Structures are given as structure tokens and as C-alpha cells.
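Have a look at the structure below before the remarks.
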Amino acid sequence: MANQEAAGPPSDFIRDIVKEDLRTGKRGGRVCTRFPPEPNGYLHIGHAKSINLNYGIAREFGGRFNLRFDDTNPVKEEQEYVDSIIDDVRWLGADYGGRVLFASDYFEQMYRWAVELVRKGMAYVCDLAADEVTAYRGTLTRPGRDSPYRGRPVEENLDLLERMRRGEFPDGSRTLRARIDMASPNLNMRDPVMYRIMHAPHHRTGGAWCIYPTYDWAHGLEDSIEGITHSICTLEFENHRPLYDWFLDALGIHHPQQIEFARLNLMYTVLSKRRLLELVQEGRVRGWDDPRMPTVSGLRRRGYTPEAVREFCRRIGVAKFDGVVDIGLLEHCLREDLNRRSPRVMGVLRPLRVVIENYPEGRAEEVEAVNNPEDPSAGVRRVPFGRVLYIEREDFMEEPPKEFFRLAPGREVRLRYAYFIKCIGAVKDPRTGEPAEIRCTYDPATRGGDAPDGRKVKATLHWVSAAHAAAAEVRVYDHLFTKADPDDVEPGQDWKSNLNPRSEEVLTGCPVEPGLASAGPGSRFQFERLGYFCVDNDSRPGALVFNRTVALKDPWAKIQKGHRAR
RNA sequence: UGGGGAUUAGUGUAACGGUAGCACGACAGACUCUGGAUCUGUCUGUCCUGGUUCGAAUCCAGGAUCCCCAGCCA
């Protein structure tokens with residue numbers, strides 16, 4: 001079976017490059033990668049792909065992996081995000097050697113290099129306002145024009161840059177720009193801004209700076225300082241690579257190789273920090289860690305395991321094709337992992353009362369249940385049984401179609417680990433006409449779940465003894481969006497119109513077996529025949545709350561869907 | 001109408017001039033005290049048109065489609 005050990009080391013075009021570099025000694029035989037998040041939001045599963053790639057490469061080739069915050073824009077960044085990102089990286093299992101690095105720690109060095117470029121005539125202070133810079137830049141099809149300040153003498157540039165740093169000028173009044181080529185077909189090369197004036201406190205450097213480096217200027221320097229060998233980023237930075245190279249070459253410092261790969265896209269959700277922030281800010285979800293969110297913290301709260309996420313990242317591979325991964329693959333990896341590790345229990349989401357008429361009033365007993373059929377070492381437990389039980393509402397049908405082989409009038413089924421019961425009648429709710437209670441008889445000879453006479457039943461139902469049940473709130477989740485592509489909208493609508501109004505359904509008073517009463521937040525279970533559930537952070541003793549992590553595969557649901565389609 | 005990238009089953013990803021494979025999925029069956037799991041089988045593919053070659057997903061030419069770029073965001 002495809003487990004991580006047997007699968008062998010992953011292979012992709014980036015690892016091919018690394019292998020080749022190692023073979024030729026191109027980068028000194030070293031491998032050093034990094035994950036460089038900006039602390040302006042929570043990590044999502046797309047970041048998990050990047051972390052796995054970067055950390056995986058470092059680990060496989062005996063290299064080093066850095067966690068570095070790209071904190072060059074103080075107005076968007078917060079300590080809360082730094083903390084959450086560290087938690088998430090750790091949870092994902094990426095070993096960053098305990099070094100948490102920050103671009104802001106390199107600000108002084110970056111400034112010295114900027115002065116060096118000015119001295120070389122490769123950068124200048126420009127007094128153009130933001131909109132003027134835009135106008136001078138030209139368009140995709142027309143070249144730009146040189147800034148009137150482009151020819152400023154070196155001494156004047158040096159003086160102005162120094163004064164920019166000292167805080168003599170207001171926000172936006174000047175920038176430091178690289179002198180490259182205003183006619184370049186690559187807009188990034190048209191004298192890009194290196195420093196902008198922002199009188200804003202930084203979450204780490206406080207008020208020490210009022211000029212901050214832009215991404216293009218800073219990123220390669222950060223990589224260079226850390227001795228990164230392979231600077232792996234997403235496709236949208238492909239156009240920036242010439243600039244990345246230009247700065248490093250201009251300075252003549254260690255020059256990592258930038259390699260771009262396709263970011264992850266997933267069906268039925270959005271993976272953009274901007275959009276996720278919007279959902280959080282507008283209260284569309286319970287927060288960044290809402291179990292419906294594709295954030296790492298959301299997945300964690302939902303009950304995902306880091307192993308499942310890692311296996312998913314391994315299976316989707318790494319390439320340059322900008323595609324969309326079927327969320328079913330993520331769910332498959334989840335089930336695969338949860339199946340082998342989750343203890344089984346019984347819980348009923350939508351209870352239907354069952355009275356066993358020939359079971360002695362007031363009697364109670366315990367039946368023995370297997371904790372995990374996939375793992376004999378998990379042992380067994382005892383589950384209380386009684387005269388009055390709850391079964392799942394959908395496990396009974398008054399007039400069943402042929403394919404339905406659960407409980408129905410006159411039909412016999414097995415209660416898991418307990419007895420065969422036969423339905424002898426249903427009491428209807430006079431108001432709704434729906435069955436309110438089922439009357440059954442049981443066969444005492446079938447205790448444990450097998451009939452001595454060898455007769456078979458077609459179904460086994462889960463159940464909970466009414467007298468012993470603990471009550472729980474259960475939150476059942478569905479995809480965040482109703483469409484695989486949330487951007488597939490009617491004219492005039494936006495992606496949020498595809499938000500799934502039923503992405504969360506809260507069920508209360510769900511009977512679960514009593515052993516669950518003491519389960520703490522984060523513990524995971526399989527509710528037999530239903531799915532995998534975990535105890536939510538909101539759970540309290542006496543007020544249990546479960547999240548449905550993912551449902552079990554459900555052929556019956558598929559059959560029903562087929563019926564409805566017809 | 002500039003530049004940069006991409007295109008292999010429904011989805012993702014291999015094949016590096018030599019039998020188009022894997023995974024998810026779908027479908028069918030076996031098994032089953034979870035309609036779960038497990039097992040077996042089946043299904044669908046090289047963007048198009050030419051060319052080179054004994055042989056092309058792979059090399060060449062032309063075309064199509066999609067993505068990215070005009071932040072003092074990253």
C-alpha cells in the first residue's frame with residue numbers, strides 16, 4: 001500500500017535541479033532552502049505545499065531549512081501572525097533548527113548595500129509621486145520614460161538617501177530606485193523602487209526605520225545573507241527573476257538560484273490570504289481557524305493530522321502547470337490516515353428512539369466492542385446496552401426501496417456488537433407523520449452479534465443506549481463553496497456569492513456512548529458508519545462539542561443521489 | 001497589439017528519441033458484525049497542423065488556448 005515509507009523519495013523538476021547542482025558541485029555541494037512568509041495572515045494549505053517542498057528538499061539532501069519572516073512592510077504585518085505561523089510550521093513537522101529569522105534583522109546591511117549601489121551609479125533618489133511613477137512607467141506595450149531625477153549626481157543621491165533614512169521627508173515624497181532600463185519589456189526592470197518612506201512602527205524594529213525595502217530589493221539579499229542555494233517561489237515571481245539576479249550581480253554577493261513552481265489551487269475553496277482575511281473580517285467564518293477554512297490552523301481544528309497533509313503534498317507533486325487539485329484527494333489522504341489511527345465509537349447524529357419490547361424493563365448490560373479493527377493492539381471496550389436505544393433516523397424506512405437494507409417494518413438487522421433486532425412497528429408523530437419511535441423485539445441468542453442458527457442480516461446499525469448516553473453538540477461541515485471554482489459566478493456577482501450557506505450544520509443533543517464524556521479537545525474518533533470526528537476547542541466537560549472532520553465514504557448516499565437525479 | 005511561463009485520462013502527476021505509467025475519481029465485482037476498510041477488474045489521455053527520424057508526449061516550424069506582469073504589496 002502507498003504509505004510514505006514505501007513510496008520512495010519524491011522526484012520533481014526542482015529536485016532534479018538540486019541533484020544536478022550537487023552532482024556538478026555548482027553551489028558548493030550545499031543545499032539550503034527557506035520558507036519566507038510575510039506575517040500578514042495565517043498559513044493555508046498552499047503554504048503547506050511550499051513548506052513541504054522546501055523542508056523536504058533540505059532534509060533529503062542533507063541541507064538546511066530556514067524559517068524566515070519577510071517582514072518588510074510594517075503596515076500589513078503583526079506579531080499575531082508571526083506566532084501563528086511558527087505554530088503552524090511546527091505542527092506541519094518542518095524542522096527549522098529552532099532558528100526564527102527575520103528580514104528586518106538585515107535592514108542595516110541592506111541599507112549599506114543600497115548606499116553601495118548609489119555609489120556605483122546603479123540607484124538614485126527619485127522625487128516623483130506615486131502616480132507620476134506610474135505614468136512614467138509606460139504600459140505593457142509602450143516603453144516608459146526616464147525620471148527627471150534619474151541623472152542626479154551620486155553625492156546628491158547619497159545625501160538624499162541619508163536624509164530619507166533620518167526621517168526628513170514625508171511618506172511617499174521620495175523613493176530610492178534602481179537605475180536599470182525604462183524601456184525594458186519587463187516592467188519590473190523599469191527602475192523599480194528599492195526603498196519607500198513609511199513613517200510606521202515595525203512590529204520588531206519599532207521606530208528605528210522610516211524607510212522600508214521593497215520585496216524585489218530585499219528578497220534576494222535575505223536569501224544571499226542566509227546562504228540560500230535554491231530560492232523556491234511561486235510562478236508569479238517568474239517575471240521578477242531578472243531583477244532578483246540583477247541586484248545580486250550588481251552587488252557581487254552570494255547568488256542563490258530562484259526556481260518557480262505552481263502554487264496550489266484546490267476545488268471548492270479559496271487559497272489567497274486576501275480572500276481568507278476577508279472571510280474572517282466579514283464574519284463569514286468563526287475565525288482564521290474555523291474548521292471550514294483551508295488554513296493550517298483550520299485544518300488542525302477540523303481534525304486533520306499533519307501526516308495526512310504531508311501525504312497530500314507528496315501526492316500532488318510539484319510542477320509548473322497552474323492547475324486545480326481535486327479536494328477529494330485531500331479527503332482521501334485524510335481518511336487513509338484516520339482509518340488506521342482512530343478509535344471507533346458509536347454516536348448518533350439524528351436520533352430515532354427504539355424500544356425493545358421483549359427486553360426486560362430496568363435491565364442493563366454491557367457488550368464488548370472492538371476499538372479499532374485496523375489495529376488489534378487498540379483493544380476492546382465495554383458499551384452499555386438497554387431497553388431503550390437511539391439509532392440513526394436515516395437507518396429506518398417505512399417503505400424502503402430495494403437497495404435499502406437497513407431497518408424497516410418486519411425486517412431484522414444487527415445492532416453492532418449487541419443483538420439482532422426485528423422491527424414490529426413504528427409510532428408516528430401525529431403532527432408530521434414521521435416515525436417518532438420504533439418498536440422492536442430482540443433475539444437474546446444473538447448476543448455479541450451472531451446468530452447461532454447461522455441466519456444472516458443485511459445491515460448492522462450503530463446505536464447508543466438512551467439511559468447511558470452522553471449528549472454532544474456536533475458540527476457537520478461541508479465545502480466552503482458550492483462551486484468547484486468560486487470565481488464561476490453570474491455577471492455582477494462576486495466569489496462570495498458562491499459561499500455555501502450549509503457549510504456548517506450544528507446538531508445538538510446528539511447521543512454518544514458514555515465513554516466519550518471525558519474526551520478532551522483534539523481527540524479524534526471514528527463514529528462508526530458516519531465518519532471521523534474530533535473534539536473541538538469549544539468543548540467543555542458536560543458540554544461536549546465535536547467537529548466532523550470528514551465523512552466515511554457513503555455508497556448509500558450515492559445511490560440516493562442517483563435516485564433523486566432520476 | 002510588449003514580455004515571461006504553461007499545455008499528457010474528469011483531476012493531479014510521471015515517462016528526459018524506444019511498449020504512455022501512477023494516484024485520486026468513476027464504474028463493476030469479491031469480501032465484510034461499519035453500505036467503512038481491504039481485494040480484483042474496467043474506464044477515459046499526449047492542444048492543433050506540418051516536418052525531422054526506423055521510431056516523437058519528447059526534437060524543429062507554425063498555430064491555438066490558458067496563466068502572470070503596468071503596487072512606493074509580497
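We name chains A, B, ... by the order of the sequence lines, and we start the count at 1 in each one. Worth saying up front: this structure is predicted, and the values here are computed from it rather than measured. The figures here come from the full heavy-atom set of this structure, side chains too, leaving out hydrogens, waters and symmetry mates.
Remark: the separation of the C1' atoms in B:C24 and B:U58 is 26 Å, to the nearest Å. For B:C48 and B:U7, the C1' atoms lie 12 Å apart once the distance is rounded to whole Å. Nucleotides B:U8 and B:C16 have their C1' atoms positioned 15 Å apart, rounded to a whole Å. A gap of 10 Å separates the C1' atoms of B:A57 and B:G45, to the nearest Å.
Between the CH2 atom of A:W209 and the P atom of B:C72 there is a distance of 21 Å, rounded to whole Å. The interatomic distance linking A:L187 (CG) with B:G3 (P) rounds to 12 Å, in whole Å. In this structure, the CZ atom of A:R263 is 18 Å from the P atom of B:A6, given to the nearest Å. Here the C1' atom of nucleotide B:A15 and the CG atom of A:D16 are 12 Å apart, to the nearest Å. Nucleotide B:G3 holds its P atom 17 Å from the CZ atom of A:R241, rounded to whole Å. Summarising the geometry, the separation between NZ on A:K76 and P on B:C73 is reported as 7 Å, rounded to the nearest angstrom. A straight line from CZ of A:R335 to C1' of B:A37 spans 12 Å, rounded to a whole angstrom. The distance between atom CG of A:L140 and atom P of B:C67, rounded to the nearest whole Å, is 15 Å.
Contact between the side-chain N/O atoms of A:T460 and the OP1/OP2 oxygens of B:U32 is not found at any separation under 4.0 Å. At the phosphate of B:G71, OP1 or OP2 sits under 4.0 Å from a side-chain N or O atom of A:R137. Taking side-chain N and O atoms only, A:T214 has no distance below 4.0 Å to OP1 or OP2 of B:A74.
Listed by chain and number, the residues in a side-chain contact (heavy atoms from CB on, under 4.5 Å) with A:C534 are A:R524, A:N547, A:T549 (sequence neighbours excluded). Taking A:H203 as the reference, A:P39, A:D71, A:E77, A:Q79, A:V82 meet the side-chain contact (heavy atoms from CB on, under 4.5 Å) condition, with sequence neighbours excluded. Partners of A:T460 according to the side-chain contact (heavy atoms from CB on, under 4.5 Å) rule, which considers only residues two or more places apart in sequence or in another chain, are A:R414, A:R416. Partners of A:F525 according to the ring-ring contact (aromatic ring centres under 6.0 Å, His included) rule, which considers only residues two or more places apart in sequence or in another chain, do not exist here. With sequence neighbours left out, A:E238 forms a salt bridge (charged side-chain N to carboxylate O under 4.0 Å, His left out) with A:K320. For A:M267, the side-chain contact (heavy atoms from CB on, under 4.5 Å) test picks out A:V324, A:D326, A:A484, with sequence neighbours left out.
Between the base of B:G3 and the side chain of A:N239 there is a donor-acceptor pair shorter than 3.5 Å.
Counted by atom type alone, A:R152 and A:Y124 present zero donor-acceptor pairs between their side chains at under 3.5 Å. A donor-acceptor pair shorter than 3.5 Å cannot be found between the side chains of A:N372 and A:E374. A donor-acceptor contact under 3.5 angstrom links the side chains of A:N265 and A:D322, judged on distance only. When only modelled atom types and interatomic distance are considered, A:Y106 and A:E226 share a side-chain donor-acceptor pair under 3.5 Å. A:T175 and A:R196 form no side-chain donor-acceptor contact under 3.5 Å, judged by distance and modelled atom types alone. For the residue pair A:S377/A:D375, the side-chain donor-acceptor check at 3.5 Å is satisfied.
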Name the pairs: protein N/O against N/O of nucleotides 40-46 of chain B, kept only if under 3.5 Å.
none

Any protein N or O atoms within reach of nucleotides 11-13 of chain B? Criterion: under 3.5 Å, listing atom names and distances.
from	atom 1	to	atom 2	distance (Å)
B:U11	O3'	A:V324	O	3.0
B:U11	O2'	A:V324	O	2.9
B:U11	O2'	A:D326	N	3.3
B:G12	OP1	A:V324	N	3.0
B:G12	O2'	A:I316	O	2.8

Could you run down the sub-3.5 Å N/O contacts of the protein with nucleotides 26-28 of chain B?
from	atom 1	to	atom 2	distance (Å)
B:A26	OP1	A:K558	NZ	2.8

Please list, pair by pair, any protein nitrogen or oxygen found under 3.5 Å from a nitrogen or oxygen in nucleotides 56-59 of chain B.
none

- Task: Give the dot-bracket string for RNA chain B, reading 5' to 3', where a pair is Watson-Crick or G-U wobble with both distances under 3.5 Å, ( ) marks pairs inside the strand, [ ] marks pairs crossing earlier ones, | marks a partner on another strand, and . marks unpaired.
- Result: .((((((..((((....[..))))((((((.......))))))...(((((..]....))))))))))).....

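At a threshold of 4.0 angstrom between heavy atoms, the contacts of A:D450 include nucleobase atoms, whether or not backbone atoms are also involved. Nucleic acid contact for A:L128: base, since at least one base atom lies under 4.0 Å from a heavy atom of the residue. Residue contacts for A:T134: at a heavy-atom cut-off of 4.0 Å it reaches the sugar-phosphate backbone alone, with no base atom in range. A:H240 comes within contact range of at least one nucleobase, with a heavy-atom separation under 4.0 Å. Within the nucleic acid shown, A:N339 comes within 4.0 Å of at least one base atom, counting heavy atoms only.
Among the nucleotides B:G3, B:G35, B:C73, the one closest to the side chain of A:E38 is B:C73. Closest to the side chain of A:N73, out of B:C73, B:G35, B:C69, is B:C73. Ranking B:C68, B:G35, B:G71 by closeness to the A:F404 side chain, first place goes to B:G35. For A:P185, whose side chain is taken as the heavy atoms from C-beta onward, the closest listed nucleotide among B:C69, B:G36, B:G3 is B:G3. Picking from B:G35, B:C68, B:G2 the nucleotide with the shortest atom distance to the side chain of A:E236 gives B:C68. Side-chain proximity of A:T141 to B:G5, B:U1, B:C68: nearest is B:U1. Side-chain proximity of A:R406 to B:G35, B:C69, B:C72: nearest is B:G35.
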- Task: Evaluate ring pair (Phe, Tyr, Trp, His ring centres under 6.0 Å) for A:H202 paired with A:F107, printing each intermediate quantity in order.
- Result: CA-CA 12 Å; A:H202 184 279; A:F107 281 174; 5.8 Å; yes

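Checked against the 6.0 Å centroid threshold, A:Y532 and A:F527 do not count as a close aromatic pair. Here A:H240 and A:Y244 keep their ring centres 6.0 angstrom or further from each other. The six-membered or imidazole ring of A:W217 lies near that of A:F247, with a centre-to-centre distance under 6.0 Å. Between A:F69 and A:F35, the distance separating the two ring centers is not shorter than 6.0 angstrom. Taking the six-membered ring for Trp, A:Y268 and A:F481 have ring centres at least 6.0 Å apart.
Annotation: cation-pi pair A:R68/A:F102 absent, no NZ/CZ under 6.0 Å from the ring centroid and within 45° of its normal.
Taking the nucleotide of RNA chain B with the nearest heavy atom to each of A:F13 and A:E374, the more 5' of the two is matched to A:F13.
Listed in residue order, the members of residues 193-203 of chain A having a heavy atom less than 4.0 Å from RNA chain B are A:V193, A:R196.
In summary, A:R406 and A:E392 do not engage in a salt bridge, as defined by a charged side-chain N under 4.0 Å from a carboxylate O.
In textbook terms, a nucleotide whose glycosidic angle is within 90° of 0 is syn, and B:G71 is one such case.
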